[in-house]
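Here's the structure we're looking at; comments come further down.
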Amino acid sequence: MLTVNRFDATVGGSQQPDQNAAASSSRLAALAERKRKRAPTDDGPAKPSTSTATFSLGATSASSSLTAPPTQAPRQPVGPSIHPSRLASAPILAQSVKKAAAKAGAPREKTKAKQRYLNKKKSKRKAMKKAKGGNKAAGTSNGAGVAPGISSLRQTDTAAPETEDSSEEGSDDEDISMASPAESTTAARDQGPTAVAAIGASAVETPVEASSSDSDSSSSDSDSSSVSSSSSDDETDEEAATSETIQESSEASAAQPQPPADESRPDERPSMGLLVRNKPSNKLSAEARRSLAVQGLPRGMVEAKVVDPATRQTLTARDDIKASDPDAIAGISLDQALTKRVKEMGVIEWFAVQAAVIPHLLSTSAFVSPFSPPRDLCVSAPTGSGKTLAYSIPIVTLLKERILIRLRALIVLPTRDLVSQVKETLEQLCKGTGLRAGTTTGAQSFAQEQTLLMDEASQESKLDILITTPGRLIDHLDETPGFTLQHLRFLVIDEADRLLGQSFQDWAQRLRNSIEGQTDSLSSKRVALSTHQLQKLHRPTSNAACDPSEAKPVVQKLLFSATLTREPGKLSELGLRDPVFIDVRDEVLEGEGVTSSAGRFTLPATLQEYMLVVPTSLKPLYLIHLLLNPPKSDNPGKGMRRTLIFTKSVDSSLRLVRLLNLFLDANQNGKKDEQKLRVADYSSDLTPARRRELLASFRSDQLDILVASDLISRGIDLPLVENVVSYDVPIDVAKYVHRVGRTARAGRVGKSWSLVESQEARHFKGMIKAGVKRSEGRKLEKIKVEEGQLEGLKGPYEEALQKLVA
Ligand SMILES: Nc1ncnc2c1ncn2[C@@H]1O[C@H](COP(=O)(O)OP(=O)(O)OP(=O)(O)O)[C@@H](O)[C@H]1O
């Protein structure tokens, strides 16, 4: 009753006078009804009802009864206590009171179809009870008497109790369990096939969550025309869906290899009704989860090669190789000149991703046969783990033997800054090889880029390697005479998940069309190959394989990211050829396949993560405190330098930089000796030249802090960054991974600090827990800052705020 009264009071308090009058009269009516209920009736004493049930019942009926006062009200007295406008403006509230009403047993109209369904259900239940009694009598275990597909899962479950890891996953699920089934499915789709499969798996076990069924009963009884209303109020609909889902799943399981049926009780295979009653437990064994998760996935994804991030391999130059030394041959052996250049770049040993990818790519040849083209490659490895060299070294090594200049490698990246960065790496590697690398990003005029790309007279490429953004690439494919991808040997899509998420100009499909057009060029048009190319071309063994129509594009597609999508749908945009997957992350735990951890991304082992829960109104002050007095600092009192701060937008960055600089000025008064922190914003509004200048200042320690939106959260390699601060929490886990990945690169130590507003804390922790995987012993540590610690900063902060609004 208290709940109702409080709720009424609240609603009344916010209503207009006439609404108040209506509400109080309805409250009186409700009171009278409650009294009437307490008094004995002809039918016997009234049953006590809980306050929630009473409230819910009334509230549900409110939606239909408020417009016209209830005529046969006895069971709906409290209805008018919720104003219809409130229900109309709060669909979730309306839905929940409706649902509660259904539970409380509000009378509902039953159609014939529904009645038929219920009757059928009743008789099934009876049959099940009988069967259950039989089972008990026979002393069967929970697996016996269940359809083979399901029973096999359950028996495994019993045999293999949950591991620590799987229970942790369970708690992850708990954290995100507030999402509706529809939300979960959408989220799962975003996370890739595993998550979708997991949803599928949970539908097998808890099919109540399945979306609408097309049974008569559900369609006839539904209040709403929307399919998504299966969340519904209707228990019967839920049961119908349950039954159907289980039927479907057992049909599906029939297609799978089945364990032998229980021979001792061959005739006791139950009806589907029994399945509904004997729902399996909510936990599938790890093995069963894995097999569900991998169904329908590409071979390479299921058989992904998992590489330990701690793997290292020594650098060997080709001259050192002894033919008898299998390790040297299997290892990475570059020629002396390239080894020297790599050493000049600070490489003394190969990192894990390089140790896996470089030999894999070097095992193919520069010129591959269109009749047996190489498999494509998808690589997922943590931020700062050296993916750029992993693809650049093989490209340079294989292409430097070329005779004619043709465009043989195309590297696509999402931003200009990244294009420039990769170009610098390739230019260093190409020194002395004669290979030419160039870029097109729109930083220069289109005509200038055309001149750089193509020889006007011969209309041949002037570049061996082109590094570009997708938009500019499509422009050149469309408008630059002679520009072709027909000689391409390597196509690299770096930050692949980000690029595949961008659909502008339909770039992925158009790129694919341009590449696949080369099949014709190589076969029917018989494009003249270089002598070298002809010599290297592997001759197919049978004549049938020489059929020009069998020729395939020779381009090998290489996809890289720290957060690579495992969604086959997304990957298929590029028409990958039987891709090999290399996944650099900690060893696969028992029961965890490559896909079961899809959507969980590995963080660098050298990263320390911290979070501060802060009140929204004082967030800037907490940031200032953090910057001036960084906890866990090796140089206390020196402030937080070599720091990147991420905000949610360019505007936020600008405002924050102004406030910080005003504060630092105000705080500097009288402290001449102390070196003030130097802060600047880095945004897409700045010219490329200004951005280059800022990065150079940061690299040379002339700037301490750069404040940016997510513009530079991906890929940018600033080796000196020691701290990353998320002033606004990232909107998804991939953004978090890329932001924090600007530090702790190439094996260096780095710290990330997330300022989380109190109301965001639960969501943030859940998101991170579900989305990232850390090395053993690592965790997200909470740092506490008491408001008292901010006292000394309040004066200059107030001063800065006043100047900011002036
Ligand atoms: N074997 C190595 N030894 C030492 N330093 C290396 C090695 N390989 C790469 N590096 C350096 O590590 C840094 C990070 O490399 P890179 O930018 O390729 O990382 P990444 O994996 O592409 O990261 P992100 O996912 O953030 O783009 C670079 O400064 C690079 O020069």
Side-chain angles (χ1 to χ4, degrees), residues 307 309-316 331-332 334 338-359 378-396 411-415 417-429 467 492-499 558-565 582-585 601-607 642 644 646 695 698-699 708 710-722 724 733-750 752 772:
V307 180
T311 307
R312 294 289 181 271
Q313 194 166 323
T314 40
L315 234 59
T316 47
I332 305 160
L334 309 176
L338 195 53
T339 309
K340 187 167 166 261
R341 281 192 293 278
V342 167
K343 281 185 177 166
E344 283 165 6
M345 295 167 86
V347 175
I348 45 171
E349 57 185 358
W350 298 115
F351 288 164
V353 68
Q354 297 156 351
V357 172
I358 299 176
C378 295
V379 180
S380 177
T383 49
S385 61
K387 295 185 282 297
T388 314
L389 281 181
Y391 62 76
S392 301
I393 300 264
I395 289 176
V396 173
I411 301 168
V412 186
L413 292 132
T415 63
D417 290 353
L418 288 181
V419 168
S420 310
Q421 187 174 293
V422 171
K423 189 194 172 199
E424 270 174 37
T425 302
L426 275 162
E427 274 180 343
Q428 275 174 279
L429 295 177
I467 310 141
V492 180
I493 311 281
D494 201 347
E495 305 297 345
D497 56 316
R498 159 96 184 264
L499 281 171
L558 316 174
L559 273 61
F560 287 81
S561 178
T563 50
L564 190 67
T565 177
I582 293 182
D583 201 350
V584 179
R585 62 181 168 99
F601 305 118
T602 303
L603 295 176
T606 47
L607 176 72
R642 297 178 170 178
L644 290 182
F646 288 103
L695 291 183
F698 188 82
R699 282 194 181 104
D710 281 305
L711 172 77
I712 56 167
S713 69
R714 273 209 188 235
I716 285 288
D717 183 47
L718 296 165
L720 292 179
V721 175
E722 289 173 3
V724 168
V733 76
K735 284 222 160 56
Y736 180 79
V737 169
H738 288 285
R739 278 185 183 184
V740 299
R742 294 317 98 208
T743 186
R745 297 176 72 75
R748 290 182 202 91
V749 173
S752 77
V772 304

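Counting starts at 1 for both ligands and their atoms, in listed order. Below, each value reflects all heavy atoms present in this structure, side chains not excepted, and no hydrogens, waters or symmetry copies.
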Give yes or no for whether the N/O distance cutoff of 3.5 Å, strictly under, is met between [X] and ligand 1.
X	value
Leu389	no
Asp717	yes
Gln421	no

What residue and heavy atom of the protein are closest to [atom], and at what distance?
atom	answer
atom 9 (C) of ligand 1	Gln354 NE2, 3.6 Å
atom 11 (C) of ligand 1	Ala746 CB, 3.9 Å
atom 7 (C) of ligand 1	Phe351 CE1, 3.3 Å
atom 1 (N) of ligand 1	Glu349 O, 2.8 Å
atom 18 (O) of ligand 1	Thr388 OG1, 2.7 Å

So, does Thr606 use its side chain to make a donor-acceptor pair with the main chain of Arg748 at under 3.5 Å?
-> yes
May I ask you to list the atoms of ligand 1 that are less than 4.0 angstrom from any heavy atom of [X]?
X	result
Glu495	27 (O)
Pro382	21 (O)
Arg742	26 (O)
Gly346	4 (C)

[atom1]-[atom2] distance between [X] and [Y], expressed to the nearest 0.5 angstrom:
X	Y	atom1	atom2	answer
Ile712	Leu644	CD1	CG	5.0 Å
Ile358	Trp350	CD1	CH2	4.0 Å
Ile395	Leu389	CD1	CG	11.5 Å
Lys343	Lys340	NZ	NZ	10.5 Å
Arg714	Asp494	CZ	CG	9.5 Å

Could you pull out, from Gly384, Ser713, Pro719, Ala390, the option with a heavy atom nearest to atom 23 (O) of ligand 1?
-> Gly384
Nearest to atom 26 (O) of ligand 1 by heavy atom, Arg745, Lys387, Arg312, His738: which?
-> Arg745
Which bit of Ala381 gets closer than 4.0 Å to ligand 1, counting heavy atoms only: side chain, backbone, both or neither?
-> neither
Contact region, Met345 to ligand 1, non-hydrogen atoms below 4.0 Å, reads neither
Pair Asp717 + Arg745, salt bridge at N-O below 4.0 Å = yes
Measuring only between side-chain heavy atoms, which start at C-beta, is [X] closer than 4.5 Å to [Y]?
X	Y	value
Leu607	Thr743	yes
Arg742	Thr383	yes
Tyr391	Ile411	yes

Is there a protein heavy atom at a distance of less than 4.0 Å from atom 16 (P) of ligand 1?
-> yes
Would you name the heavy atoms of Val740 and Ser752 that are closest together and state the gap between them?
-> CG1-CB, 3.4 Å
Please state whether Arg714 comes within less than 4.0 angstrom of ligand 1, counting heavy atoms only.
-> no
